Structure formats: C-alpha cells, structure tokens
Peer 1: 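Sharing a structure with you now.
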Amino acid sequence: MNTILIIDDEAKIRSLLSRIISLEGFEVFEAGNLKSGLKRLEITDIDIVLCDVKLPDGSGVDFSKTVKDQFPSVEIILLTAFGNIPDGVMAIKNGAFDYITKGDDNTKILPLLYKAAEKVALNKRVLQLEKQLDSKQSFKSIIGKSNEITNAISSAQKVAVTDATVLLTGETGTGKEVFAQAIHHASNRNKKNFIAVNCSAFGKELLENELFGHKAGAFTGAVKDSKGIFEEANLGTVFLDEIGEMPLDLQAKLLRVLESGEFLKVGDSKPTKIDVRIIAATNRDLETEIESGNFREDLYYRINIFTIKLPSLRERVADIESLAGFFLKTFSHKMGKNITYFSDDYLKALKNHQWKGNIRELRNVIERSVILTDSSALSTDSLPVDILSKQEQNQSSQNKMMSAFSMASAERMQIQKILKHTNGNKAEAARLLEIGIATLYRKIEEYSIS
C-alpha cells in the first residue's frame, strides 16, 4: 500500500482529497503547512506528496527541492489555484513529478498518483539493487576473520582512500579481483568505471588494442576509431590481472601511462591523456621474472608502491568453514535445495585438504557437492575422489590407498550424478567435473554409462 501526504492549508480541500484517495486503497496523511509536512516525512515512510504551491510558511515549488534532496525516492505533485508557466518549469527543475491546477485538473489527480506510485516502486528497486551491489563490491563481501585475511583487508582499506598504485600478489584463486573491486569501491573514484583485464588472455597485438584502442585505418578492418580500456576507465580504475604475463614492449607503454598519464593508440601519432588508477595483480615472483629478463625493473618499481600479499587458503584454515558455508547457502538457493549444514567428516576433509586452487577450488567443490546431495547435509560421499582419499588416509593407514575397484566405483557414481544434474549436457558436466570433454567421453565408454 502506497502512502500519500497531502499538504494544504485549507482543511476542506485536504479532507476531500483524503476521502477520494483513501477510497483507492492509499494510506493518507495530512498536514496544514510545510513545517508539519516535513516533520511527517521525517517520521513516516511517505511515497508521494500532494502539495499546494502557496502555503503560509513558504512555496511548494521551493519545498519540492527540499523533499528531493532529503528523500530522493519520494515523488511530489504540486497543486495550484492559478497555474503559471514559470512556476511549473521551476517545479519540474526542482524534481516535482508534475504540476497541475486545482479544479480544472481534478480528474488528473488519481491517474497521476498511480503513475507516481509506479515511479516510486522503480526508485525503491533501484536503491535496493544499488545497496546489493555496494555490499558485493565492498570489503564487507570478503569473508573471513583469520589474522591473515584481516591484515590484508586492513592494508587495502588504508590504501583505498589514496590514488597510489597497488600490487596484489598471491596464488591463483585467492581473490585478487575481489580485493581490487573493494579498493575501487572505497576510493574517491567509485562513481567511475572499474575495468578488469587479464593480461594472459590475449596475444600481444590483441592486448595492445584492448588496452590502448586504435585509430581508424591502423590495420585491416579498423574502419573507425576505437577506445581502449584505459580511455574507457578515465577517472576510474584499471585492474591488470596477471601483469607478469604482459609482453615487454607493452610494459614500456604501461610505464608511460604510469609516469605521464598518456599513451599512443595503435596507429596514432598524437598522445591521449587519461587519469586512471592502476591496480595490478600477479601470482608470479616479479623479482625472479626481472632476473630472467621477462619483466621490466623500472615498471616493477612503479607498480610496487604498495603491495598486498593475499594469503592462500592453506594459510587461513580458520576461514574454510565460513567460506564453505557461504558457498553452500549460495548454491543451495540457486539449485532450489534445502541443504543447511556439513557433516563433521565433510568439514574435517575440507580443512585437511591443501587447496592448491584456493577459494576458487573450494567454491567448485561445494558446488559439485550440492549437485550430488539430496539430503539436508553435505557428507563425504559427495566429495571429489582426491579430497576423499586424503581424508581416508588421515583416518586409517588401512585406507591409504583406495583399491582400483572403489576408485572406479566412486568416479562412475560421480559422473552419473553430474550427467543427471546437467540433463545429459556433457560439456556442462565436463566443466563441473573439471576434466576435458574428450576425457569425459572416454570415461563414459569405459564405465558403460548410458
């Protein structure tokens, strides 16, 4: 039910409007002047304000701006006894939804209220989505309370409010892009673009074009000018993942961006000026790469202004349960299952595993376990063979080596369940099993899986 506030100094008009609007199912509040109307807005969740233009303590046109400044999702419709164009124009400029004349436009009030209510609902939805996006991109989205992760978060929060270049180091899957997004979100650049690029995903020519753009005619097929990532992210943040994979000649162009804030597009002779913050990430030892001639020393010192090492999952075992719980909730909801907890053995197996793929590997394991589980708890039956065998090795020397039969049986069962979940989609099943499609076909034939 939408709430309406009527502000008018004439009690009879307030009463008449209140009765008409109430019959439409709206909840109506009344105020005789702007001061009491503002007080009502402060204590009640009002959706729409119907306000007279001329009131004893001020102008409804000016009041529109006050309302929109303090309560952005509220819509305001102004009523006037004598309409004039300048007031109407100013009202709209101040954020009013509409401006109508009393008496002549009475038939317009209810349709306007319904239109305004639709806009209010949209405004609230947008605000809700913005809050969800904020929580996903902020430091609050980083799960864990171990000393290792809280120290990394603390360092990132301190550097976020500056414009310093940041280098994130650590193994693959430790959440470097999540940290980069959180740093951008907490910075003064958070209203501008955050653009991420994986330097290992492109060849030299494609990466150069991706980063710096090109001029028309720079190469065959370049029929018009194209902006690169640096230009698109102007005044924002560029996240260069796997910077250790960047070719040496592109490292020189990146160095120029860091030193002078300018670069040359492919095929251009005039430099383009930009203002971006760079956050770089790598799982390589860049000092070793410098010694091997694969990375420029001068670039290293430019990006190594503030380094944050992200801990591996092996270094933060205390966070495994909370991370696994988050993924369990996410995938259970996504798949429409009611799985709420882990068995003790399952959780013990997670904590004993080495997690070479870190958080990314843990996420995949929980996703597969949820797919394979039909009960309310994840048990060791749903774990991949390598994790399961490790758990059994720790429990008993008798189970150090799984027999060929039990290994094959577990693998066959897992492939069958995954194929059932994907409705026979072998490409999706191979992705979830983290094996090649050719390997899956071979195992289907080997185990005679129909």
Side-chain angles (χ1 to χ4, degrees), residues 1-135 138 188 190-192:
M1 180 189 296
N2 289 105
T3 50
I4 314 292
L5 172 62
I6 301 170
I7 306 176
D8 200 304
D9 58 332
E10 295 186 42
K12 289 183 179 179
I13 290 178
R14 287 202 313 270
S15 178
L16 175 62
L17 286 173
S18 181
R19 285 201 300 274
I20 293 171
I21 295 168
S22 295
L23 289 172
E24 294 295 316
F26 294 103
E27 184 178 5
V28 183
F29 298 87
E30 298 179 26
N33 53 50
L34 298 178
K35 184 178 179 181
S36 56
L38 190 59
K39 187 172 289 186
R40 172 57 67 181
L41 282 163
E42 290 170 350
I43 62 174
T44 306
D45 186 13
I46 297 294
D47 294 320
I48 304 165
V49 175
L50 273 177
C51 183
D52 193 9
V53 167
K54 295 190 181 297
L55 288 155
D57 55 346
S59 162
V61 175
D62 296 334
F63 186 65
S64 297
K65 188 173 188 310
T66 302
V67 171
K68 294 304 288 185
D69 286 347
Q70 295 185 34
F71 312 96
S73 63
V74 172
E75 295 302 329
I76 182 163
I77 299 170
L78 292 174
L79 306 172
T80 179
F82 307 100
N84 65 78
I85 292 174
D87 271 359
V89 171
M90 184 55 69
I92 301 303
K93 280 185 176 180
N94 285 348
F97 184 77
D98 212 334
Y99 177 94
I100 60 176
T101 306
K102 292 179 183 177
D104 295 340
D105 289 344
N106 279 350
T107 56
K108 292 183 178 179
I109 290 177
L110 288 177
L112 265 180
L113 285 177
Y114 282 110
K115 286 182 181 179
E118 288 177 4
K119 190 176 179 186
V120 167
L122 179 61
N123 290 343
K124 288 182 175 180
R125 179 61 178 154
V126 168
L127 286 172
Q128 182 184 5
L129 290 172
E130 285 178 347
K131 286 180 181 178
Q132 290 176 356
L133 187 61
D134 285 349
S135 65
S138 71
N188 294 328
N190 58 13
K191 301 299 181 185
K192 301 297 181 181

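Note that the structure is a prediction, hence the values are computed from the model and not measured.
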Peer 1: Would you confirm whether S22, through its side chain, and R19, through its main-chain N or O, come within 3.5 Å as a donor-acceptor pair?
Peer 2: no
Peer 1: Could you note down all residue pairs passing ring-ring contact (aromatic ring centres under 6.0 Å, His included) where residues 33-63 supplies at least one of them, sequence neighbours left out?
Peer 2: none
Peer 1: Quick one: side chains of residues 72-79, donor-acceptor pairs under 3.5 Å with protein atoms, not counting sequence neighbours, listed by atom name and distance.
Peer 2:
unit_1 : atom_1 : unit_2 : atom_2 : d
E75    : OE2    : N123   : ND2    : 3.0

Peer 1: Show the atom names and distances, to 0.1 Å, of all donor-acceptor pairs under 3.5 Å that link a side chain in residues 38-45 to residues at least two apart or in another chain.
Peer 2:
unit_1 : atom_1 : unit_2 : atom_2 : d
R40    : NH1    : T44    : OG1    : 2.9

Peer 1: Looking at OG of S59 and NZ of K65, how far apart are the two atoms once the value is rounded to the nearest 0.5 Å?
Peer 2: 13.5 Å
Peer 1: Any non-hydrogen side-chain atom of L113 less than 4.5 Å from a side-chain atom of I4?
Peer 2: yes
Peer 1: Measure from the side-chain N and O atoms of N94 to the backbone N and O of S64, and report whether any donor-acceptor pair falls under 3.5 Å.
Peer 2: no
Peer 1: CG of D9 to CG of L34: how many Å apart, nearest 0.5 Å?
Peer 2: 9.5 Å
Peer 1: Do the side chains of D52 and L55 get nearer than 4.5 Å, heavy atoms only?
Peer 2: yes
Peer 1: Please check: side-chain N/O of T3 versus main-chain N/O of D47, any donor-acceptor pairing under 3.5 Å?
Peer 2: yes
Peer 1: Are more than 12 heavy atoms, taken from residues, nucleotides or ligands other than K115, located less than 6.0 Å from that residue's NZ atom?
Peer 2: no
Peer 1: Nearest 0.5 Å please: distance from the CD1 atom of I48 over to the CD1 atom of I6.
Peer 2: 11.0 Å
Peer 1: Going by side-chain contact (heavy atoms from CB on, under 4.5 Å), name the residues that satisfy it together with I92, two or more places apart in sequence or in a different chain.
Peer 2: none
Peer 1: Assess the side chains of D69 and T66: does a donor N or O sit below 3.5 Å from an acceptor N or O?
Peer 2: no
Peer 1: So, for V61 and A91, which heavy atoms are closest and what is the spacing to 0.1 Å?
Peer 2: CG1-N, 3.8 Å
Peer 1: Side-chain contact test, heavy atoms from C-beta onward, threshold under 4.5 Å: evaluate it for V53 versus Y99 and give yes or no.
Peer 2: yes
Peer 1: Donor-acceptor pair, R14 side chain versus E30 backbone, under 3.5 Å?
Peer 2: no
Peer 1: Got a second to check how far C51's SG is from N33's CG, nearest 0.5 Å?
Peer 2: 10.0 Å
Peer 1: Any chance CG of N188 has more than 12 other-residue heavy atoms, nucleotides or ligands included, within less than 6.0 Å?
Peer 2: no
Peer 1: Show your working on side chain to side chain contact (heavy atoms under 4.5 Å, CB included) between L112 and F97 and close with a plain yes or no.
Peer 2: CA-CA 9 Å; L112 265 180; F97 184 77; 3.7 Å; yes
Peer 1: Would you mind listing every ring-ring contact (aromatic ring centres under 6.0 Å, His included) that reaches into residues 21-53, with sequence neighbours excluded?
Peer 2: F26-Y114
Peer 1: So, taking the atom named CD in E10 and the one named CG in L17, what distance separates them when rounded to the nearest 0.5 Å?
Peer 2: 10.5 Å
Peer 1: Among residues at least two apart in sequence or on other chains, which ones pass side-chain contact (heavy atoms from CB on, under 4.5 Å) with K54?
Peer 2: none
Peer 1: Is there a side-chain contact between I7 and L50 (heavy atoms, below 4.5 Å)?
Peer 2: no
